[in-house]
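Side-chain atoms are counted along with the backbone in the values below, which use heavy atoms only and exclude waters and symmetry mates. Chain letters run A, B, ... following the sequence lines, proteins first and then strands; every chain starts at 1.
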Amino acid sequence: MAVSKKIVLRFPRRLVQRPIIYRLVKDYDLEFNILKASITPEEEGLLVLELKGNRQEYDKGIDFLIKTGVKIQSLSQDVTHNADRCTNCGACITICPTGAFTLEPRTRYVKFDNEKCIACGLCITGCPPRAMEVHF
Amino acid sequence: MVIPKMRKGYFQPVAGQFNMPRQQELVKDKKSMSKSIAEINEKIRQGKAVVVTAEEIIDIVRNKGVPKAAREVDVVTTGTFGTMCSSGAYFNIGHARPRIKLGGGRAYLNDVPAYTGFAAVDLFIGANALPDDDPRNRVHPGEFNYGGGHVIEELVAGKDIRLAATAYGTDCYPRKKLETWINIKDLNQAVLFNIRNAYQNYNVAVNLSDKTIYTYMGILKPRLGNANYCSAGQLSPLLNDPYYKTIGVGSRLFLGGGIGYVAWQGTQHNPSVPRTDKGVPKGGAGTLAVIGDLKQMSPRWLVGASMLGYGCSITVGIGVPIPILSEEILQYTTVTDEDILAPVVDYSAAYPQRQPDILGEVSYAALKSGKIKVKGKDVPTASLSSYPRAVEIATILKEWIQSGKFLLSEPVEPLPGAESGVTFKPLNERPIEF
């Protein structure tokens with residue numbers, strides 16, 4: 001069975017020099033799509049990936065990452081919609097490149113679908129009351 | 001929902017006391033139904049007033065017809081919750097010992113500069129004010145995370161605000177420096193005073209250029225990537241009273257979660273714009289200056305806003321009740337999103353260069369459908385004002401009136417109307433020669 005997930009990977013300093021994603025392809029036949037990548041001086045490496053493949057191989061690949069020392073988190077935990085801060089104006093609707101925001105047709109409440117979110121961050125500063133939060 | 005207190009007998013309209021030519025003529029003209037504000041207030045006091053929102057009235061009139069609905073309905077409530085830049089608050093902090101004269105000095109609230117051109121301890125803070133060290137658009141687009149609108153929101157929320165002030169010192173006000181926490185509960189007066197709110201209709205903003213632009217109408221993507229609008233449409237106060245027949249100076253209203261009043265026509269009030277057959281302005285027209293006790297208000301209805309690449313502002317909740325004095329006034333409140341047209345304006349060139357060109361007119365029904373057609377292209381739309389919150393405001397105001405605690409006020413002076421000759425003039429620049 002195939003599986004496809006968006007995950008956030010954190011690489012400690014000691015791993016930054018090692019080819020790790022390569023092993024996911026070579027050893028576990030996983031397909032990846034890089035959504036975001038950054039290395040901060042004196043800090044860790046950060047990679048947001050969409051990872052696809054056979055369920056068993058996917059799980060093995062994740063185990064490999066964990067054993068190597070990479071920290072893994074699912075992406076949806078990282079971009080959050082603060083409903084208390086949101087005024088439901090809807091300014092985010094056309095800002096988001098993946099259509100993660102929709103309006104509930106009857107009430108016009110804003111809905112955020114974090115499955116569609118690629119953590120690009122455009123909504124963070126695009127939201128006038130700053131109701132979207134990103135935590136990497 | 002807590003209903004703000006009104007002083008008993010505070011506003012008892014007395015017939016004939018005020019010079020209200022337009023309203024009197026109007027009532028006389030009506031051969032059919034006519035009611036007075038005093039009669040409606042009597043029904044409100046008895047808990048018998050029939051109050052509906054500007055959304056609900058549409059179907060009521062569709063089902064019952066105008067004459068029947070006009071007899072039955074006493075008040076229609078409106079609402080809008082949008083970013084309104086010309087907003088601010090003034091307050092009196094009380095005198096320090098020894099005394100300090102902030103007038104003519106400098107004062108900062110959480111590092112945001114406040115206006116000190118008044119007497120010793122009166123301050124005014126505008127929603128767009130920014131800390132001196134805010135990088136603004138030095139790196140474009142600037143984020144504008146904290147400004148005057150945010151100070152007002154935090155003040156209303158009851159948070160302590162850091163006041164830092166310097167003064168030049170006088171014999172009677174010797175002190176030159178003051179640093180202290182202040183809190184709204186300790187202020188002598190704290191008043192929201194917005195000089196332009198509740199725009200009657202507004203532009204739809206698009207971008208014809210090849211790069212993203214950052215405007216007070218939000219982020220506009222290149223080559224007609226999106227279209228942003230900001231009016232509440234059929235719920236918007238002045239679109240339900242297009243000729244200002246009931247809303248005037250002194251009209252009591254919902255302001256920021258408390259009770260406020262129309263203080264004056266708003267700045268840029270422009271009643272002389274082209275209108276549809278039903279009287280609806282086809283672009284930005286009338287505006288309101290509003291005032292109210294900040295201490296009654298709530299941060300739910302006064303929200304600091306950050307417009308990327310543009311600046312700081314505040315989102316303000318306003319709802320105005322419209323007394324159904326005649327069938328004509330009722331008819332105006334039945335305005336629907338289909339009836340309201342807004343001009344589509346290019347904010348990459350036409351707007352900044354103050355060119356009059358528009359790219360067409362679209363209805364709010366089309367805007368709310370999620371896409372409009374501009375120059376033959378389907379353009380996705382987004383709103384900058386919250387329709388759900390506008391509905392909530394109209395509903396809260398309805399409940400206040402139904403519960404007998406919010407009485408309508410008789411305007412003491414009408415707003416300049418469509419035939420007043422009042423227009424919105426551009427600046428006539430006259431070079432200064434040396």
Enumerate the inter-chain donor-acceptor pairs under 3.5 Å for chain B and chain A, one line per pair.
residue: B:Glu143; atom: O; partner: A:Arg130; partner atom: NH2; Å: 3.0
residue: B:Asn145; atom: OD1; partner: A:Arg130; partner atom: NH1; Å: 2.2
residue: B:Glu153; atom: OE1; partner: A:Arg85; partner atom: NH1; Å: 3.4
residue: B:Glu153; atom: OE1; partner: A:Arg85; partner atom: NH2; Å: 3.1
residue: B:Glu153; atom: OE2; partner: A:Arg85; partner atom: NH1; Å: 2.6
residue: B:Lys221; atom: NZ; partner: A:Thr94; partner atom: O; Å: 2.6
residue: B:Asn226; atom: ND2; partner: A:Thr94; partner atom: OG1; Å: 3.2
residue: B:Tyr229; atom: OH; partner: A:Arg108; partner atom: NH2; Å: 3.4
residue: B:Gly304; atom: O; partner: A:Arg85; partner atom: NH2; Å: 3.4
residue: B:Ser306; atom: N; partner: A:Pro128; partner atom: O; Å: 2.8
residue: B:Lys368; atom: O; partner: A:Arg108; partner atom: NH1; Å: 3.3
residue: B:Ser383; atom: O; partner: A:Ala91; partner atom: N; Å: 3.2
residue: B:Ser386; atom: OG; partner: A:Thr87; partner atom: O; Å: 2.5
residue: B:Ser386; atom: OG; partner: A:Asn88; partner atom: O; Å: 3.3

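Interface residue A:Cys127: only backbone heavy atoms are found under 4.5 Å from chain B. Residue B:Ile219 touches chain A through its side chain alone, counting heavy-atom pairs closer than 4.5 Å.
Pairing each heavy atom of A:Gly90 with each of B:Ala382, the nearest pair is O-CB, 3.5 Å.
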